[in-house]
Q: 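Here's a structure for you.
Quick caveat, the model's predicted, so the values are computed rather than measured.
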Amino acid sequence: MKYLKFIVTGIFFGIVLVKSEAVSWYRIFEMFRFESFHMYGIIGSAVVTGIILIQIIKRKKIRSIEGNPIIIPNKDKSITRYLIGGSLFGLGWALAGACPGPMYILLGTGVFSMIIVIIAAVLGTFVYGMVKDKLPH
């Protein structure tokens with residue numbers, strides 16, 4: 001029962017993504033071909049919402065549920081790092097037709113080929129963990 005609110009929120013988020021067609025391979029394909037604004041609108045509204053909420057957290061000094069202060073560290077400003085990481089993320093997104101969140105939603109909707117994508121994502125995360133100390137951070 002302790003985690004019920006998280007499960008309900010996740011199910012609601014999954015329904016919203018399915019209904020908004022944010023998990024649709026065709027919508028993602030349109031986005032990467034610059035044929036439709038649909039996905040850019042969804043991503044853009046999420047970014048703007050995130051910026052506003054982070055600013056509210058910082059300015060009002062909002063605390064976590066446990067009462068601890070929320071500390072948001074400054075990001076590394078390395079353009080090369082974000083260019084390489086973003087390119088790899090985008091390439092994986094384009095090849096798989098899904099980014100990490102919708103992979104599980106698509107599996108839940110019956111797209112069982114996402115099992116391969118999820119296994120590859122977990123394997124990629126494991127490899128990153130193995131070589132993380134050798135990478136420039």
Q: Please report the interatomic distance CD1(Ile52) to OG1(Thr49), rounded to the nearest 0.5 Å.
A: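 Interatomic distance, Ile52 CD1 to Thr49 OG1, rounded to 0.5 Å: 6.0 Å.
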Q: What distance separates Ile54 CD1 from Ile72 CD1, expressed to the nearest 0.5 Å?
A: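 These two atoms lie 3.5 Å from each other.
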Q: Verify the cluster assignment for Trp93 and Leu106: are they in a single hydrophobic cluster under the rule of side-chain heavy atoms below 4.5 Å apart?
A: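 No, no single cluster joins them.
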Q: Ignoring hydrogens, what is the shortest heavy-atom contact between Ile42 and Ser20? Give both atom names and the distance.
A: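 What the structure gives for the nearest pair is CD1-O, 3.8 Å.
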Q: Within this structure, what is the CE-CD1 distance for the pair Met31 and Ile43, rounded to the nearest 0.5 Å?
A: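 So the gap between those two atoms works out to 4.5 Å.
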Q: Determine, using the 4.5 Å side-chain heavy-atom cutoff (strictly less than), whether Ile11 and Tyr3 are members of one ILVMFWY cluster.
A: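 In one cluster with Ile11: Tyr3, no.
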Q: Decide whether Met103 and Phe13 are clustered together by the hydrophobic rule: side chain heavy atoms of Ile, Leu, Val, Met, Phe, Trp, Tyr closer than 4.5 Å, transitively.
A: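 Result: yes, single cluster for both.
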Q: Enter the distance from Leu123:CG to Ile118:CD1 here, rounded to the nearest 0.5 Å.
A: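 So the CG of Leu123 and the CD1 of Ile118 are separated by 13.5 Å.
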Q: So, for Leu83 and Ser87, which heavy atoms are closest and what is the spacing to 0.1 Å?
A: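 Minimum heavy-atom contact is O-OG, 2.7 Å.
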Q: How far does CD1 of Ile28 sit from OG of Ser36, to the nearest 0.5 angstrom?
A: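 Rounded to the nearest 0.5 Å, the CD1-OG separation comes to 12.0 Å.
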Q: Is it true that, when you exclude Ile79 itself, more than 12 heavy atoms of the residues, nucleotides or ligands shown sit nearer than 6.0 Å to its CD1?
A: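 No, because the 6.0 Å sphere around CD1 of Ile79 holds 12 heavy atoms or fewer from other groups.
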Q: Please give me the minimum heavy-atom distance between Glu35 and Arg33, naming the atom from each residue.
A: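 Scanning both residues completely, I find the closest heavy atoms to be OE2-NE, 3.0 Å.
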Q: Would you check if the side chain of His38 reaches a backbone N or O of Glu30 as a donor-acceptor pair within less than 3.5 Å?
A: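 No, because the side chain of His38 does not come within donor-acceptor range (under 3.5 Å) of the backbone of Glu30.
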Q: Look at the side-chain heavy atoms of Ile, Leu, Val, Met, Phe, Trp and Tyr, link any pair under 4.5 Å apart, and say whether Val117 and Ile119 land in one connected group.
A: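 As far as the 4.5 Å side-chain criterion goes, Ile119 and Val117 are connected within one cluster.
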Q: Do you know the tightest heavy-atom contact between Pro69 and Arg63?
A: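 Pro69 and Arg63 have their closest heavy atoms at CD-NH1, 3.2 Å.
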Q: Counting only heavy atoms from other residues, nucleotides and ligands, does the tally under 6.0 Å from OH of Tyr82 exceed 12?
A: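 Yes, enclosed.
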Q: Mind listing the closest non-hydrogen atom pair of Ser64 and Ile70 along with its distance?
A: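 That closest heavy-atom pairing would be N-CG1, 3.7 Å.
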Q: How many angstroms lie between atom CD1 of Ile15 and atom CD1 of Ile105, to the nearest 0.5 angstrom?
A: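 Output value for this atom pair is 10.0 Å.
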Q: Count I, L, V, M, F, W, Y as connected when their side-chain heavy atoms are under 4.5 Å apart, and connections chain through other members. Are Leu95 and Phe32 then in the same cluster?
A: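 Looking at the clustering, Phe32 is in a separate group from Leu95.
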